[in-house]
K.L.:
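This is the structure, below, for whatever I ask next.
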Number of protein chains: 2
Amino acid sequence: MTAADTRRKLLDGAIDTVRAEGLAGTSARSIARTAGVNQALIFYHFDTVDALLAEAARRAAQERVEPYRARFATVTTLAELLAAGRALWAEEEARGNAAVLAQLLAGAQTSPALAEGTAAALGLWSAEVETVLRRVLPESPLAGLLDPVATAQAVSAAFAGLSLFGAIGATPDALGQLEALVALVDDLGPLERRLVARRLARMTDTPKRS
Amino acid sequence: MTAADTRRKLLDGAIDTVRAEGLAGTSARSIARTAGVNQALIFYHFDTVDALLAEAARRAAQERVEPYRARFATVTTLAELLAAGRALWAEEEARGNAAVLAQLLAGAQTSPALAEGTAAALGLWSAEVETVLRRVLPESPLAGLLDPVATAQAVSAAFAGLSLFGAIGATPDALGQLEALVALVDDLGPLERRLVARRLARMTDTPKRS
DNA sequence: GTCTATAACGAGATAGAC
DNA sequence: GTCTATCTCGTTATAGAC
């Protein structure tokens with residue numbers, strides 16, 4: 001077995017262990033068991049457990065973001081973005097990847113190494129959303145109201161938090177609520193659009209936001 | 001020193017330790033050190049560390065929700081609710097209470113005892129929001145669009161997740177984005193209100209939501 | 001690169017004196 | 001109720017044979 005194989009097994013095993021046991025149940029021993037690899041090899045290849053987890057987070061995000069790229073590229077309206085987001089969320093939630101990211105994000109609070117890897121992983125997701133928002137938002141009446149960067153970050157982080165709900169009850173239909181709100185304003189007729197524009201102008205005259 | 005004093009010290013110490021060291025750095029020993037209490041007393045008074053944390057989460061939520069109750073009771077519009085929510089969030093985030101809840105929520109994934117206490121704690125927050133929503137939402141054009149329960153849960157959970165962002169970068173201005181969106185639709189004039197109502201009727205005819 | 005063995009330590013929890 | 005002392009186990013990490 002080559003070194004690259006071992007590294008790969010460990011990276012996969014690390015994510016699988018967090019998925020199955022949570023971060024609290026994730027140790028060098030439990031990862032090695034899941035990966036089917038000797039425990040000492042973790043330290044040979046990655047120096048520390050946290051460094052392995054950070055690298056695993058980065059790689060996992062890359063591999064999961066990639067298949068959505070083509071789909072996101074075809075999105076031209078905010079409504080389509082929300083539909084794509086709904087599908088993405090359903091898939092990643094079902095696979096437990098959202099929960100994994102949330103666990104690592106929680107662990108990042110006390111581990112600088114983990115913080116760096118998790119930031120990179122979450123950044124890949126929000127960058128993807130941000131790209132689409134930059135393209136789609138200007139066509140919407142909501143342009144100028146929503147900031148692409150802040151919105152993408154907020155949505156990504158909120159979804160990570162939402163996935164933590166799994167253990168304590170049913171996950172609330174957050175996207176459904178958001179979708180309803182956005183769909184109401186977005187995709188309006190010309191007359192309504194002018195009304196919204198007027199209202200927007202009034203709002204930015206007397207801004208309530210910081 | 002009475003037993004009630006010791007219990008109180010441990011409950012406070014448990015929260016303080018999670019706040020300062022994260023859940024990963026929270027142990028019977030570290031809690032006892034923070035509380036200035038002998039380590040063995042944790043098990044005498046609470047049986048297990050997780051049971052102490054669960055009880056601490058419940059109590060902390062009670063004590064933090066309470067001071068906002070009067071403020072929330074005066075809220076009559078959605079815009080006011082958002083303003084109150086913004087103030088609440090700023091305060092709890094600054095105190096680190098949001099991060100504590102998020103840490104416990106993450107730990108709840110692998111500890112049934114912790115899950116129960118965390119569910120109760122988070123439930124107190126979302127119940128408060130839900131109460132206001134039930135009173136305020138019917139007056140808004142958004143009535144019938146947003147479900148009070150799902151919205152309250154989604155907002156609470158999303159904010160917990162948002163607080164996890166602290167360790168890996170600046171917290172995005174999520175409430176600002178949401179506020180802009182809601183403010184746009186809410187608090188409309190009679191003419192615009194009719195337009196929104198028409199659009200709502202159209203949406204519910206061909207529902208996109210599950 | 002991979003293995004076994006083990007060092008060094010902190011964890012949860014308990015026994016038993018006071 | 002509170003304390004000290006301790007048991008037992010799992011943890012990260014390393015040394016050294018192969």
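Quantities reported herein were computed from a predicted structural model and do not represent experimental measurements. Side-chain atoms are counted along with the backbone in the values below, which use heavy atoms only and exclude waters and symmetry mates.
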K.L.:
Which residue lies toward the 5' end of DNA chain D, B/L41 or A/V49, if each is placed at its nearest nucleotide?
P.N.:
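Of the two residues, B/L41 wins.
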
K.L.:
Measure from the side-chain heavy atoms of A/R29 and tell me the nearest of D/dT11, D/dT2, C/dT14.
P.N.:
D/dT11

K.L.:
Donor-acceptor pair, B/T151 side chain versus B/P148 backbone, under 3.5 Å?
P.N.:
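No, because the side chain of B/T151 does not come within donor-acceptor range (under 3.5 Å) of the backbone of B/P148.
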
K.L.:
Give the rounded distance in Å between these two atoms: CZ of B/R33 and P of C/dG10.
P.N.:
10 Å

K.L.:
From C-beta outward on A/Y44, which listed nucleotide comes closest to its side chain: C/dG1, D/dA5, D/dT2?
P.N.:
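Nucleotide nearest to A/Y44's side chain: C/dG1.
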
K.L.:
Looking only at the side chain of A/F43 (C-beta and beyond, no hydrogens), which of the listed nucleotides C/dT4, D/dA13, D/dA5 gets closest?
P.N.:
D/dA13

K.L.:
Among C/dT2, D/dC3, C/dA11, which is the nearest nucleotide to the side chain of B/N38?
P.N.:
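Output: D/dC3.
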
K.L.:
Any base atoms under 4.0 Å from A/A28, or only sugar-phosphate, or nothing? Heavy atoms, all strands.
P.N.:
sugar-phosphate

K.L.:
I'd like to know if A/R8 pairs up with A/D12 as an ion pair, taking the criterion as any Lys NZ or Arg NE/NH1/NH2 lying under 4.0 Å from an Asp or Glu carboxylate oxygen.
P.N.:
yes

K.L.:
Rounding to a whole Å, what distance do you find between A/L10:CG and C/dC3:P?
P.N.:
10 Å

K.L.:
Which nucleotide wins on minimum distance to the side chain of B/A3, given the candidates D/dG1, C/dT2, C/dC3?
P.N.:
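For B/A3, the side-chain atoms sit closest to D/dG1.
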
K.L.:
Hey, does the side chain of A/S27 come within less than 4.0 Å of D/dG10's phosphate (OP1/OP2), counting only N and O?
P.N.:
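It does not, given that no N or O in the side chain of A/S27 lies less than 4.0 Å from OP1 or OP2 of D/dG10.
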
K.L.:
Please tell me if B/T6 has a side-chain N or O lying less than 4.0 Å from either OP1 or OP2 of D/dT2.
P.N.:
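It does, given that an N or O in the side chain of B/T6 lies less than 4.0 Å from OP1 or OP2 of D/dT2.
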
K.L.:
Answer yes when A/E55 and A/R58 have at least one side-chain N-carboxylate O distance shorter than 4.0 Å, and no when they do not.
P.N.:
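Salt bridge between A/E55 and A/R58, a charged N being under 4.0 Å from a carboxylate O: yes.
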
